[in-house]
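For reference, the structure discussed in these notes is given below.
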Amino acid sequence: MTKKTGYQSDETAYLQETGVNVKPEHELYQSYELDDYVDRTNRHYEQPAAFFYSFTGGEWNCYSCNLWDEGITTDTESQEAKLDLMAKYMELKPGMRILDVGCGWAGPLTYLSKKYNVSGIGLTLSPIQLEAAKQRIAKHGVDVTVHLLPWESYEPDQPFDAIYTDEVIVHFNDLLGFFKKAYQWLKPGGMMVNKEGHFTRKEYLTALSRGEVFVNEIYGFTGNYRTVWEELQMVDEAGFELVWHHQIDRAHYRKTFDRWLSNMFENREVMIQASGEEMYKNFRKYVKLVRAGFNTPRPTVDIIASRKV
């Protein structure tokens, strides 16, 4: 069988590759064996760090919506404004112990540990991200350790004061299972803070556009977008008490995407050298598609903070 290359393929080739017991590729909520899930996620993230650093920019390389309040002009400032907001909802204090699930290259965890004098554990699925994270941690001299593990396989040796994710739980098919694990891992009174994109109507989750299908394929068909009310229902079922729901103005994500597209264009030679022209073009296309989506009322970006009671 000819190996599939790139991200664009027809449904027949996809079904041949993954087996017949899968949903049509245009649907969300695909369920995979853990090893397959890791491989699929790494189709997106297992690129040289220089590829992602070139367009996320700034000191911390946050690969998610950042904040662009009045007076903020640089990528670093926008990343730090977002991370300070996350820290507020985590109620961070010196000496706390925090967990970043899906920590990437450990930029956010390093920043939070350095500014708020906390210790941190990060989880990533990508060996390339792990090595980049180690380099960043050494550079800043923070009390942070990153493990190459999915959350399903992680068992902490002591509880946490706070657990957070930043646009990561969209990849979790068993979101309720994750919330129940997080509840077990937290100290009494500990905070769970998740920032994620949501759809504003349940109907949108079963009527994806061609562009949304392309974006899902870019992420290895690991999309599990939900509505806010679905996430809140799971938070409650896992035993948490809702403390905050903060909806971020879509304009902040539009500005973030605009910066990424500008950075992509300015650093296109570096990105192409790192991962090839096809990968560069596919990423640029997907960023444009998602940027266009945030001109509509379909998506929101929300921070949901809840406490273990």
Side-chain angles (χ1 to χ4, degrees), residues 49-50 52-94 96 98 100 102-118 120 122 132 136-137 139-142 144 162 164-168 191 193-198 200 228 243-268 270-271 283-284 286-305:
F52 285 98
Y53 288 3
S54 293
F55 74 87
T56 54
E59 179 67 31
W60 311 112
N61 302 112
C62 295
Y63 189 27
S64 57
C65 177
N66 299 312
L67 298 184
W68 296 91
D69 296 319
E70 185 176 356
I72 292 178
T73 60
T74 70
D75 291 325
T76 297
E77 290 172 344
S78 70
Q79 293 165 9
E80 292 180 353
K82 184 267 298 290
L83 294 171
D84 288 338
L85 182 61
M86 297 285 284
K88 170 188 172 182
Y89 290 132
M90 282 187 275
E91 302 178 352
L92 292 190
K93 296 179 179 63
M96 282 185 168
I98 65 176
D100 182 342
C103 68
W105 311 272
L109 188 54
T110 298
Y111 171 77
L112 293 171
S113 297
K114 188 173 185 176
K115 179 169 182 178
Y116 295 93
N117 193 24
V118 299
R136 193 189 300 270
I137 292 164
K139 173 184 174 182
H140 290 276
V142 291
V144 169
Y164 74 97
T165 65
D166 189 357
E167 298 184 37
V168 170
M191 295 296 295
V193 178
N194 298 296
K195 171 171 162 283
E196 189 53 85
H198 300 93
T200 51
V228 172
V243 180
W244 295 97
H245 171 212
H246 178 112
Q247 190 167 101
I248 297 172
D249 193 303
R250 294 182 185 91
H252 291 286
Y253 222 152
R254 290 195 292 267
K255 176 67 173 178
T256 300
F257 283 123
D258 288 344
R259 294 291 295 214
W260 289 354
L261 288 168
S262 178
N263 291 341
M264 281 182 172
F265 183 77
E266 292 177 3
N267 299 299
R268 57 193 181 280
V270 175
M271 295 181 69
F283 263 70
R284 189 165 175 82
Y286 118 73
V287 171
K288 287 181 177 180
L289 286 167
V290 181
R291 167 63 172 83
F294 275 86
N295 282 332
T296 75
R298 288 166 65 97
T300 62
V301 183
D302 307 85
I303 300 176
I304 295 174

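Since the structure is predicted, the reported quantities are computational estimates derived from the model, not experimental observations.
- Under the side-chain hydrogen bond (donor to acceptor under 3.5 Å, both in side chains) criterion, Y63 pairs with H44, Y219, Y286, not counting sequence neighbours.
- The side-chain hydrogen bond (donor to acceptor under 3.5 Å, both in side chains) search around R284 returns none, not counting sequence neighbours.
- Closest approach of Y89 to M191, counting heavy atoms only: O-CE, 3.3 Å.
- Not counting sequence neighbours, the partners of T165 by the side-chain hydrogen bond (donor to acceptor under 3.5 Å, both in side chains) test are N194.
- When side chains are defined from C-beta on, I98 does not count as touching Y116, because their heavy atoms never get closer than 4.5 Å.
- Of the inter-residue distances, the one linking T56 atom OG1 with M264 atom CE reads 9.5 Å to the nearest 0.5 angstrom.
- Evaluation of the side-chain contact (heavy atoms from CB on, under 4.5 Å) rule for R268 yields F265, Y280 as partners, not counting sequence neighbours.
- Every side-chain contact (heavy atoms from CB on, under 4.5 Å) that A81 has, sequence neighbours left out, goes to L67, I72.
- With contacts defined as side-chain heavy-atom distances shorter than 4.5 Å, the pair W260/F283 does not qualify.
- Listed by first then second residue, pairs satisfying salt bridge (charged side-chain N to carboxylate O under 4.0 Å, His left out) with a partner in residues 103-117 read D84-K115, not counting sequence neighbours.
- Under the 3.5 Å distance criterion, the side-chain polar atoms of T200 are matched with a main-chain donor or acceptor of R298.
- Within the structure, every pair that satisfies the salt bridge (charged side-chain N to carboxylate O under 4.0 Å, His left out) test and touches residues 64-77, not counting sequence neighbours, is listed here: D75-R259.
- Classification of the F257-Y253 ring pair by plane angle, with boundaries at 30° and 60°, yields parallel.
- Shown here are the side-chain contact (heavy atoms from CB on, under 4.5 Å) partners of C62, two or more places apart in sequence or in another chain: W60, S64, N66, Q79, K82, L83, P108.
- For the residue pair R254 and F294, the shortest heavy atom distance occurs at NH1-O, 2.7 Å.
- With sequence neighbours excluded, the residues that form a side-chain contact (heavy atoms from CB on, under 4.5 Å) with N267 are S54, N263.
- Looking at E196, its side chain does come within 3.5 Å of a backbone N or O of V168 through a donor-acceptor pair.
- Residues that satisfy the salt bridge (Lys or Arg N to Asp or Glu O under 4.0 Å) test with D249, not counting sequence neighbours, are absent from this structure.
- One finds the CG atom of L85 at 4.0 Å from the CD1 atom of I303 (value rounded to the nearest 0.5 Å).
- W105 is listed as a side-chain neighbour of R136, based on a closest heavy-atom distance under 4.5 Å.
- Partners of H252 under the side-chain hydrogen bond (donor to acceptor under 3.5 Å, both in side chains) rule, at least two apart in sequence or in another chain, do not exist in this structure.
- Residues T296 and R250 come closest through the heavy atom pair O-NE, 3.3 Å.
- When every heavy atom of G122 is checked against every heavy atom of L109, the shortest pair comes out as N-CD2, 3.6 Å.
- Side-chain atoms of T300 never come within 3.5 Å of backbone atoms of D302 as a donor-acceptor pair (strictly under, hydrogens ignored).
- Applying the salt bridge (Lys or Arg N to Asp or Glu O under 4.0 Å) test to E91 and every residue at least two apart in sequence or in another chain returns R307.
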